[in-house]
Amino acid sequence: VPSILFTKIPSNGFLSISPFSGKITNVNPEIEIRRVVRNGGKYLETDIPKLYHGIVKRDVLNKVYEKIGTFFGGLSPDVFAAIAVASFAKNVVSIDYPLTISGTCKLSGAGASMRGEHVGHLEDAPHFKYRGAYKWAEIIPRFYSVETIWAETTVTALKVLGRDDLLQDFNLPLLAANCIVAHPEYKSIILHDMYKAFRMTNKSQLEGTFQFCYSLLVGPMWRIFKRVINRTRTILMINREEIIRVSNVKDIVEATLILSEYLTTNNKRFIDLVP
């Protein structure tokens with residue numbers, strides 16, 4: 001999750017600065033790819049190296065191009081690039097510091113998601129515009145949402161990169177659990193396609209049903225529970241971590257200036273936090 005988020009809507013820009021430590025952590029990219037697979041495509045819950053809001057050496061990108069003839073694919077360039085980069089990067093570090101600002105505007109996919117609009121029938125997905133023929137991965141529920149677009153792109157990237165060894169470990173029950181909690185109006189499609197995917201992958205339906213029920217508890221339901229606990233702690237001022245919020249920010253340039261002033265004023269410069 002980025003430390004900094006700038007959201008731009010027509011009448012108001014909003015900048016959020018979350019706590020950060022400056023800690024640098026060594027990351028094993030192969031382990032992180034496997035975490036994405038086990039998470040059902042929720043790549044932001046891992047430390048997989050990212051081209052978007054990341055720094056990647058050109059020779060890694062060249063290796064990606066030599067392998068598949070392109071840098072991007074699938075329906076989410078962010079997810080595809082993350083899987084591709086992690087397949088070739090050797091030395092990766094994760095830095096808990098706002099080196100970049102994550103931006104969202106009204107017309108972006110993230111903006112639509114924040115308004116609850118980034119979901120619908122597959123044939124209405126804006127991701128297919130100007131793409132020509134595109135074959136949706138058959139094991140992914142056939143409706144579009146953040147969860148299914150990320151999952152479909154993960155599966156597509158693994159296939160293109162020749163990582164079929166990981167496809168059998170893709171967590172379909174967890175993906176279905178995340179989807180059905182976030183988008184209950186599509187539960188019939190989600191459940192129908194989940195059992196269809198079980199048959200396609202020769203997975204026991206009894207075992208799959210058990211894993212789906214278990215995933216509901218340890219996945220989305222657990223996250224909801226933790227969210228409630230965290231909000232309660234915030235209200236009661238228990239170990240509250242301060243989040244800086246600034247309203248009426250004109251544009252990304254002003255957001256950058258506000259962040260720079262905050263870092264300087266509070267002695268949180270990168271050079272001071274990193275040994």
Side-chain angles (χ1 to χ4, degrees), residues 33-46 73-80 82-83 109-110 112-161 163-225 227:
I33 289 181
R34 294 178 182 274
R35 287 184 63 198
V36 174
V37 170
R38 291 196 301 271
N39 283 354
K42 291 180 73 69
Y43 81 117
L44 289 182
E45 294 183 358
T46 74
L75 298 174
S76 170
D78 306 349
V79 176
F80 190 96
I83 299 293
S113 179
M114 293 174 69
R115 298 190 303 274
E117 300 173 0
H118 200 34
V119 61
H121 295 290
L122 199 59
E123 58 270 20
D124 299 326
H127 306 75
F128 295 120
K129 291 182 179 179
Y130 315 114
R131 283 185 176 271
Y134 185 89
K135 186 177 180 180
W136 181 265
E138 294 183 349
I139 64 172
I140 305 301
R142 294 186 63 80
F143 77 103
Y144 87 88
S145 65
V146 171
E147 295 83 4
T148 54
I149 293 295
W150 286 359
E152 201 281 336
T153 302
T154 297
V155 170
T156 296
L158 292 174
K159 288 181 178 179
V160 171
L161 291 161
R163 295 305 307 269
D164 296 280
D165 57 309
L166 295 181
L167 284 174
Q168 60 184 358
D169 296 326
F170 190 86
N171 199 333
L172 291 169
L174 179 58
L175 170 62
N178 288 328
C179 287
I180 210 163
V181 170
H183 313 290
E185 66 273 26
Y186 292 95
K187 61 180 180 296
S188 59
I189 293 176
I190 296 165
L191 292 176
H192 174 273
D193 289 357
M194 180 183 73
Y195 284 108
K196 178 183 175 181
F198 289 164
R199 293 191 294 272
M200 292 177 57
T201 57
N202 297 317
K203 186 180 185 65
S204 164
Q205 294 198 18
L206 180 61
E207 178 186 359
T209 300
F210 173 80
Q211 291 178 349
F212 170 72
C213 295
Y214 176 76
S215 296
L216 278 173
L217 295 175
V218 302
M221 300 307 294
W222 177 244
R223 284 196 297 273
I224 291 172
F225 175 75
R227 195 176 303 129

Check whether any side-chain heavy atom of L172 lies under 4.5 Å from a side-chain heavy atom of F212, and answer yes or no. no

Grab the two heavy atoms, one from G208 and one from K203, that are nearest each other, plus how far apart they are. CA-CE, 3.9 Å

Any non-hydrogen side-chain atom of L175 less than 4.5 Å from a side-chain atom of E147? yes

Parallel, tilted or perpendicular: rings of F210 and Y214 (30°, 60°): parallel

N178 and P220: which non-hydrogen atoms are nearest, and at how many Å? OD1-CD, 3.3 Å

dist L161:CG -> I33:CD1 (nearest 0.5 Å) comes out at 8.0 Å

I'd like to know whether N171 forms a side chain to side chain contact (heavy atoms under 4.5 Å, CB included) with N39, so could you lay out the CA-CA distance, the side-chain angles of the two residues, the decisive distance to 0.1 Å, and finally the verdict. CA-CA 6 Å; N171 199 333; N39 283 354; over 6 Å; no

Gap between atom CZ of R38 and atom CD of E45 - 0.5 Å precision: 12.5 Å

Side chain proximity check, F128 to L122, heavy atoms < 4.5 angstrom: yes

Would you name the heavy atoms of G219 and L174 that are closest together and state the gap between them? CA-CD1, 4.2 Å

Nearest heavy-atom neighbours spanning G74 and F80: N-CD1, 3.9 Å

T209 vs Y195, side chain to side chain contact (heavy atoms under 4.5 Å, CB included): CA-CA, chis, key distance, verdict: CA-CA 9 Å; T209 300; Y195 284 108; 2.8 Å; yes

Taking the side chain from R142 and the backbone from W136, do they hold a donor-acceptor pair closer than 3.5 Å? no

Between Y43 and A82, what is the shortest heavy-atom contact and its length? CD1-CB, 4.3 Å

NE2/H127 to OG1/T148 distance, rounded to the nearest 0.5 angstrom? 8.5 Å

Taking the side chain from T153 and the backbone from S76, do they hold a donor-acceptor pair closer than 3.5 Å? yes

Interatomic distance, R34 atom CZ to L166 atom CG [nearest 0.5 angstrom]: 5.0 Å

Test side chain to side chain contact (heavy atoms under 4.5 Å, CB included) applied to Q168 and T201, step by step: CA-CA 8 Å; Q168 60 184 358; T201 57; over 6 Å; no

May I ask you to check whether E152 and T156 show a side-chain donor-acceptor distance below 3.5 Å? yes

Starting from the C-alpha separation in whole Å, work towards a yes-or-no answer on side chain to side chain contact (heavy atoms under 4.5 Å, CB included) for V37 and L158. CA-CA 10 Å; V37 170; L158 292 174; 3.8 Å; yes

For W150 and T154, indicate whether the former's side chain and the latter's backbone hold a donor-acceptor pair under 3.5 Å. no

Give me the atom names and distance for the closest heavy-atom approach of I139 to M200. CG2-CE, 4.3 Å

Got a second to check how far L191's CG is from K196's NZ, nearest 0.5 Å? 14.5 Å

For P141, does its backbone N or O pair with a side-chain atom of D193 as donor and acceptor, under 3.5 Å? no

Donor-acceptor contact present, side-chain T46 to main-chain R35, <3.5 Å: no

For M221, is the CE atom crowded, meaning more than 12 foreign heavy atoms sit under 6.0 Å from it? no

Take the angle between the ring planes of Y186 and H121 and call it parallel below 30°, perpendicular above 60°, tilted in between. perpendicular

Just how far is it from atom CZ of F198 to atom CD of Q211, taken to the nearest 0.5 Å? 7.0 Å

Look at atom CD of E138 and say whether more than 12 heavy atoms of other residues, nucleotides or ligands are closer to it than 6.0 Å. no

